Engineer: 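After the structure tokens below, expect a handful of questions from me.
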2 protein chains.
Amino acid sequence: MDGPRASNTPAYLRIAAELRAQIVSGDLPPDAQLPTEHELAERWGVARQTARNGLMELVREGLVVGRRPLGHFVRKREQMDYRPQEESRPAARPEMDTFVNQVSAEGREPSQTIDVALVKATPDIASRLQVEEGALVVARRRVRLINGQPVNINDSHHPLDIVKDTPIMSPADVPIGTNQLLADLGYPQVRAVDEIFVRMPTPEQIHRLDLSRGTPVALHYVTGYTADDRPVRCTVNVLPGDLHRIVFDRTFERKWTR
Amino acid sequence: MDGPRASNTPAYLRIAAELRAQIVSGDLPPDAQLPTEHELAERWGVARQTARNGLMELVREGLVVGRRPLGHFVRKREQMDYRPQEESRPAARPEMDTFVNQVSAEGREPSQTIDVALVKATPDIASRLQVEEGALVVARRRVRLINGQPVNINDSHHPLDIVKDTPIMSPADVPIGTNQLLADLGYPQVRAVDEIFVRMPTPEQIHRLDLSRGTPVALHYVTGYTADDRPVRCTVNVLPGDLHRIVFDRTFERKWTR
DNA sequence: GAGTGGTCTAGACCACATC
DNA sequence: ATGTGGTCTAGACCACTCT
């Protein structure tokens, strides 16, 4: 007998394994179309659901994307560099600059949407801004896009009292940059803490970033402090894993000789 | 009518949504058991497969883990800090130190396995070490464990010619640290490039790290260069997303005043 | 042994973008 | 209109681990 269980690994995993091998070997190059569920089912002598499970395994791994109703295709990876240090450095130019320069240099068209809202602090923001959970904070939410496709989310949160009635609360670009503006308001940041978490996206993130299945995200929190250790900014960057390479370059202060 | 399609969202997603809400609200706390597939199917009036699909949705999101044959449970997150700078700083103490100190301070038991092999350079390693793809390089592979559970992979790769016949090729701890050893051999590193990628794990990574579904990983590459810009080390750290918080803390050189 | 999830089948109907 | 995937059903058998 050589039914679906000829070997002891489930049929759908063997289907997935074969396709995976073809993908990583380059036999099935990026953007190539995979066999349809029907074809796979017939070729392997299994039910469509079983063939489909094999396909879904690769989708969850991020190797394959479905384009309804065309079929499944090998995922193409193009990553742009993301430099946390520049994102959070005081010297950084106004809000869009790093992003705009990098993207337009590549001949692609950058844009962003901004909206500002008064929101109740979620636990993660509350603890970083040292306010009560549920307290009102200002959320300046931006989505950056390339050629109309969202590539990352950048939500800055500030304690209400320090940005009230300032341009930060207006949903428009701040030419000098919000960090410089905060400094001008008497809250210069002298220190920042960067944290990165890696997880699967929430349904809301999937929606805002138009993520396909099998795309994890990096959450990059930047909390900026003034000289007296007061947090005045907590920025949450959401970076789809398939689009970003997080890079930092360091020179060692002490050399490795003794 | 109120069949499985009473609303236009699929039944399995509505089931997932309800459970998700209970989890994020804390109604179903970490480690709590979810209803069995049977119970869900009956309660919602759907087939078991449909209820199961709802459950799997949450598993893929990383909110829920299955413990066969007990059932599904709300995932408990415990993250340890991972500091890229310390991992790649020359001043870092010998191989296990940072890790050992941090973990044993928490009353848990750290350990590691080491194996060393001559392997053909994969494309990612080859390009970073500036060798031909497929050329032989030395891979010093370590898995770090806490209480016997693997928590991260740390694979260092070196060009064969510079580490041949040195203690680096022995699968034992190097008390002074491999970076110091490289320096002693005449290859002090003065600069490093850090790259972080976020993806779903490969089957091999799932196996080595004993990952459950819905766990993305961060790949942290550190490439170390000597003063004449020769790469002498390429380390690949694989960090399960559910176990790690990547942190770095910075003080701004230039203050934000003008 | 009981009960959990893991896999599988052979059908079915539907939504949807491209043709 | 066609063909793709997306969802769903009502059964079935199996593997595993807890008790």
Side-chain angles (χ1 to χ4, degrees), chain A residues 1-19 31-60 63-75 203 206-207 210-214, chain B residues 1-19 31-60 63-75 203 206-207 210-214:
Chain A
M1 49 168 124
D2 58 15
R5 267 286 182 29
S7 134
N8 53 10
T9 53
Y12 80 100
L13 287 182
R14 281 184 284 131
I15 296 173
E18 189 185 274
L19 292 172
D31 259 354
Q33 179 165 13
L34 279 75
T36 66
E37 299 179 352
H38 244 91
E39 287 169 5
L40 281 176
E42 194 174 4
R43 191 180 306 172
W44 286 77
V46 298
R48 174 164 76 106
Q49 199 55 251
T50 302
R52 174 179 173 75
N53 282 346
L55 238 18
M56 291 309 288
E57 197 67 20
L58 300 179
V59 169
R60 283 173 220 132
L63 288 178
V64 161
V65 289
R67 291 187 209 152
R68 241 192 355 173
L70 298 184
H72 284 97
F73 296 80
V74 179
R75 182 177 215 159
I206 291 175
H207 177 252
D210 191 25
L211 299 178
S212 60
R213 284 199 238 258
Chain B
M1 51 168 119
D2 58 17
R5 267 282 179 35
S7 135
N8 53 10
T9 54
Y12 79 100
L13 288 181
R14 281 184 284 131
I15 296 173
E18 189 185 275
L19 292 171
D31 260 353
Q33 179 165 12
L34 279 75
T36 67
E37 299 179 352
H38 244 92
E39 286 169 4
L40 281 176
E42 193 173 6
R43 192 179 307 173
W44 286 77
V46 298
R48 176 166 73 106
Q49 199 54 254
T50 302
R52 174 178 173 75
N53 283 345
L55 238 18
M56 291 310 287
E57 198 65 22
L58 300 179
V59 169
R60 283 172 219 131
L63 288 178
V64 160
V65 289
R67 291 186 209 149
R68 240 193 353 174
L70 298 184
H72 286 97
F73 296 80
V74 179
R75 184 178 212 156
I206 292 176
H207 176 252
D210 191 25
L211 299 178
S212 60
R213 284 199 239 257

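Here is how names work: the chains are called A, B, and so on, in the same order as the sequence lines, proteins then strands, and each is numbered from 1. These numbers come from the heavy atoms of this one structure, side chains and all, not from hydrogens, waters or symmetry mates. Since this is a predicted model, take the numbers as computed values, not measurements.
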Engineer: Using modelled atom types and a 3.5 Å cut-off, is there a donor and acceptor pairing between side-chain atoms of E18(A) and backbone atoms of I15(A)?
Structural biologist: no
Engineer: Look at the side chain of P69(A) and decide which nucleotide, out of dC16(C), dT9(D), dG3(C), has an atom nearest to it.
Structural biologist: dC16(C)
Engineer: Let's test your reading of the model: under 3.5 Å, does the base of dG11(C) pair with the side chain of R48(A) as donor and acceptor?
Structural biologist: no
Engineer: Which heavy atom of R67(B) sits nearest a heavy atom of D31(B), and at what distance?
Structural biologist: NH2-OD1, 2.9 Å
Engineer: With the threshold set at 4.0 Å, does a side-chain nitrogen-carboxylate oxygen contact exist between R213(B) and E57(A)?
Structural biologist: yes
Engineer: R14(B) side chain to T9(B) main-chain N or O, any donor-acceptor pair under 3.5 Å?
Structural biologist: yes
Engineer: Looking only at side-chain N and O atoms, does T50(A) come under 4.0 Å of OP1 or OP2 in dT7(C)?
Structural biologist: no
Engineer: For R14(A) and dT7(C), what is the distance between atoms CZ and C1' respectively, to the nearest whole Å?
Structural biologist: 12 Å
Engineer: Is any side-chain heavy atom of L63(A) less than 4.5 Å from a side-chain heavy atom of V74(A)?
Structural biologist: no
Engineer: Which comes earlier along DNA chain C counting from the 5' end, the contact point of R213(B) or that of Q33(B), where each point is its nearest nucleotide?
Structural biologist: Q33(B)
Engineer: Could you please name the option among dC8(C), dC18(D), dT7(D) that lies closest to any side-chain atom of Q49(A)?
Structural biologist: dT7(D)
Engineer: Which whole-number value in Å describes the distance from I15(A) CD1 to dG6(C) P?
Structural biologist: 19 Å
Engineer: Mind calculating the distance between CZ (R68(A)) and C1' (dT18(C)) to the nearest angstrom?
Structural biologist: 13 Å
Engineer: Under 4.0 Å, heavy atoms only, any strand: does G66(B) hit a base, just the sugar-phosphate, or nothing?
Structural biologist: nothing
Engineer: Figure out the CD/P separation between E37(A) and dG6(D), and round it to whole Å.
Structural biologist: 6 Å
Engineer: Under 4.0 Å: is that the gap between some side-chain N or O of T36(A) and OP1 or OP2 of dG3(D)?
Structural biologist: no
Engineer: Can you check whether P35(B) reaches H72(B) side chain to side chain, under 4.5 Å on heavy atoms?
Structural biologist: no
Engineer: Rounded to the nearest Å, what distance is computed from the CG atom of residue L70(A) to the P atom of nucleotide dC19(C)?
Structural biologist: 7 Å
Engineer: Measure from the side-chain heavy atoms of V46(A) and tell me the nearest of dT9(D), dT9(C), dG6(D).
Structural biologist: dT9(C)
Engineer: Between dT4(D), dA10(C), dG6(C), which one does the side chain of A47(A) approach most closely?
Structural biologist: dA10(C)
Engineer: Considering residues, nucleotides and ligands other than E42(A), do more than 12 of their heavy atoms fall under 6.0 Å from its CD?
Structural biologist: no
Engineer: Tell me which residues in residues 51-59 of chain B lie within less than 4.0 Å of DNA chain C, going by non-hydrogen atoms.
Structural biologist: R52(B)
Engineer: Output the rounded distance in Å from NE2 (H72(B)) to C1' (dG6(C)).
Structural biologist: 10 Å
Engineer: Any side-chain N or O of Y12(A) below 4.0 angstrom from OP1/OP2 of dC8(C)?
Structural biologist: no
Engineer: Find the distance F73(A):CZ to dT4(D):P and express it as a whole number of Å.
Structural biologist: 11 Å
Engineer: Mind checking whether L19(B) and L40(B) have side chains closer than 4.5 Å, heavy atoms only?
Structural biologist: yes
Engineer: Roughly, in whole Å, what's the span from CG in L40(A) to C1' in dC8(C)?
Structural biologist: 16 Å
